[in-house]
Amino acid sequence: MELKKVLVASSNPKKVKEIEEIVRPLGIEVLIPPQKLEVKEWANTFIGNAYLKAKAYYERFKIPTLADDSGLIVDALFPYPGVYSSRFYQLEVYGKEEPLPSEDEANIRKLLKVLKGQKNRSARFVSTIVLYLEEGKMLSAEGEVKGYITDTPKGDGGFGYDPIFVPEGYSKTFAQMTSEEKHKISHRGKALRNLYKLLENLKCSR
């Protein structure tokens with residue numbers, strides 16, 4: 001199947017921008033939803049939440065819809081932050097944080113507090129992409145990158161936990177990398193390229 005345009009089921013402009021940068025070289029145009037939908041992400045898995053978002057936006061706008069659900073898994077705190085990554089600061093577990101000056105910084109502040117003195121700082125970013133093509137028809141793909149959590153934030157690029165995550169084989173955080181560097185090795189970049197391969201195989205099988 002040839003996919004020329006895709007709606008991204010997200011209200012996070014930084015995530016939409018990153019997805020657009022990754023899929024643009026694949027010849028796919030990213031469309032921004034004309035309005036935000038309130039989708040309850042009640043699933044306890046990345047694929048479950050991605051599916052809920054993709055299906056809801058497809059049913060509203062009737063355009064092939066791509067949804068990403070991703071998060072940071074820290075081995076010493078498993079299963080946290082995990083599927084709760086974007087709202088980790090809100091959870092009672094390990095104590096709540098005020099979302100100041102931003103939610104991203106509150107999540108980072110809380111995680112570093114919890115990991116203070118912890119020797120095991122290994123972690124991995126996981127991304128699950130669901131592409132809802134039409135009613136009852138979808139594709140999904142995953143991507144993962146291993147690394148570790150730093151003691152302090154470094155860099156001002158990216159978003160989320162990027163300033164405290166150093167991928168395996170590197171000495172700088174995602175936030176210290178250029179977009180091109182990050183996209184080549186990131187969990188989201190891997191997941192989107194894996195999804196594109198599935199689309200290519202689907203096209204060839206017809």
Side-chain angles (χ1 to χ4, degrees), residues 10 12 14-15 18-19 22 39-53 67-130 140-179 181-194:
S10 176
N12 182 333
K14 292 183 178 180
K15 179 183 284 191
E18 184 165 291
I19 290 173
I22 295 170
V39 182
K40 289 187 178 180
E41 299 176 38
W42 50 261
N44 59 3
T45 61
F46 292 117
I47 191 170
N49 286 325
Y51 172 78
L52 291 171
K53 290 183 282 189
D68 159 88
D69 199 57
S70 53
L72 179 69
I73 298 174
V74 178
D75 291 341
L77 308 180
F78 186 82
Y80 299 102
V83 294
Y84 310 104
S85 291
S86 65
R87 55 188 187 279
F88 183 53
Y89 74 93
Q90 295 178 339
L91 303 184
E92 293 285 356
V93 63
Y94 301 119
K96 288 185 176 182
E97 282 285 327
E98 288 297 319
L100 299 171
S102 70
E103 293 181 353
D104 283 352
E105 289 176 88
N107 282 324
I108 288 174
R109 190 167 61 245
K110 177 174 178 175
L111 182 57
L112 291 181
K113 281 182 181 178
V114 177
L115 287 178
K116 189 173 183 180
Q118 172 64 247
K119 291 183 179 180
N120 179 10
R121 304 181 77 86
S122 61
R124 65 188 188 277
F125 265 126
V126 176
S127 171
T128 298
I129 304 286
V130 167
S140 66
E142 297 181 347
E144 178 181 299
V145 58
K146 295 180 180 180
Y148 67 90
I149 304 301
T150 60
D151 293 320
T152 56
K154 299 174 184 177
D156 54 10
F159 62 98
Y161 296 91
D162 285 357
I164 58 171
F165 181 81
V166 176
E168 263 184 8
Y170 291 81
S171 58
K172 54 185 176 180
T173 68
F174 268 167
Q176 291 175 300
M177 295 182 174
T178 64
S179 295
E181 285 179 305
K182 179 187 173 185
H183 297 340
K184 286 179 182 178
I185 62 170
S186 77
H187 51 306
R188 190 168 292 113
K190 290 177 180 178
L192 286 165
R193 286 188 289 273
N194 287 338

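For clarity, every value in this text was computed on a predicted model and none was experimentally measured.
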- Message: Among residues at least two apart in sequence or on other chains, which ones pass side chain to side chain contact (heavy atoms under 4.5 Å, CB included) with Ser10?
- Response: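 Result, side chain to side chain contact (heavy atoms under 4.5 Å, CB included) vs Ser10: Val8, Asn12, Lys15, Val16.
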- Can you name the residues that form a side chain to side chain contact (heavy atoms under 4.5 Å, CB included) with Ala123, not counting sequence neighbours?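 Ala123 satisfies side chain to side chain contact (heavy atoms under 4.5 Å, CB included) with Leu72, Val74, Ile149, Phe165 only.
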Give every donor-acceptor pair under 3.5 Å between a side-chain atom in residues 151-164 and any protein atom, sequence neighbours left out.
residue : atom : partner : partner atom : Å
Tyr161  : OH   : Ser85   : O            : 2.7
Asp162  : OD2  : Phe159  : N            : 3.1
Asp162  : OD2  : Lys182  : NZ           : 2.5

With sequence neighbours excluded, what pairs up with [X] under the side chain to side chain donor-acceptor pair (under 3.5 Å) test?
X	value
Arg188	Glu18, Asp68, Ser70
Asn44	none
Arg109	Glu97
Asn49	none

What's the shortest heavy-atom distance between [X] and [Y], and which atoms?
X	Y	result
Leu52	Glu41	CD1-CA, 4.2 Å
Arg193	Ile22	NH1-CG2, 4.4 Å
Ala191	Gly143	CB-N, 3.6 Å
Ala106	Leu100	CB-N, 4.3 Å
Ile73	Gly82	CG1-CA, 4.3 Å

[atom1]-[atom2] distance between [X] and [Y], expressed to the nearest 0.5 angstrom:
X	Y	atom1	atom2	result
Ser186	Met177	OG	CE	10.0 Å
Leu192	Ile19	CG	CD1	6.0 Å
Glu142	Asn194	CD	CG	9.0 Å
Phe174	His183	CZ	NE2	10.5 Å
Asn120	Leu115	CG	CG	9.0 Å

- Just jot down the ring pair (Phe, Tyr, Trp, His ring centres under 6.0 Å) partners of Tyr84, sequence neighbours excluded, or say none.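 For Tyr84 the ring pair (Phe, Tyr, Trp, His ring centres under 6.0 Å) partners, ignoring immediate neighbours, are Tyr80.
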- Any donor-acceptor pair under 3.5 Å linking the side chain of Lys110 with the backbone of Leu91?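 Flag set: sc Lys110 to bb Leu91 pair under 3.5 Å.
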- Item | Side-chain touch Val126/His187, heavy atoms, less than 4.5 angstrom |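 Of all side-chain heavy-atom pairs linking His187 with Val126, none is under 4.5 Å.
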For [X], enumerate each residue passing the salt bridge (Lys or Arg N to Asp or Glu O under 4.0 Å) test, keeping only those at least two apart in sequence or located in another chain.
X	result
Glu144	Arg124
Lys172	Glu181
Lys146	none

- Item | Verdict with reasoning, Gln118 to Leu77, per side-chain contact (heavy atoms from CB on, under 4.5 Å) | CA-CA 10 Å; Gln118 172 64 247; Leu77 308 180; 5.9 Å; no
- Flag yes if more than 12 heavy atoms outside Tyr170 fall under 6.0 Å of its OH atom; otherwise flag no.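 No.
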- Which side-chain hydrogen bond (donor to acceptor under 3.5 Å, both in side chains) pairs, counting each pair once, include a residue from residues 98-108, with sequence neighbours left out?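 Output for this query lists Tyr89-Glu103, Ser102-Glu105.
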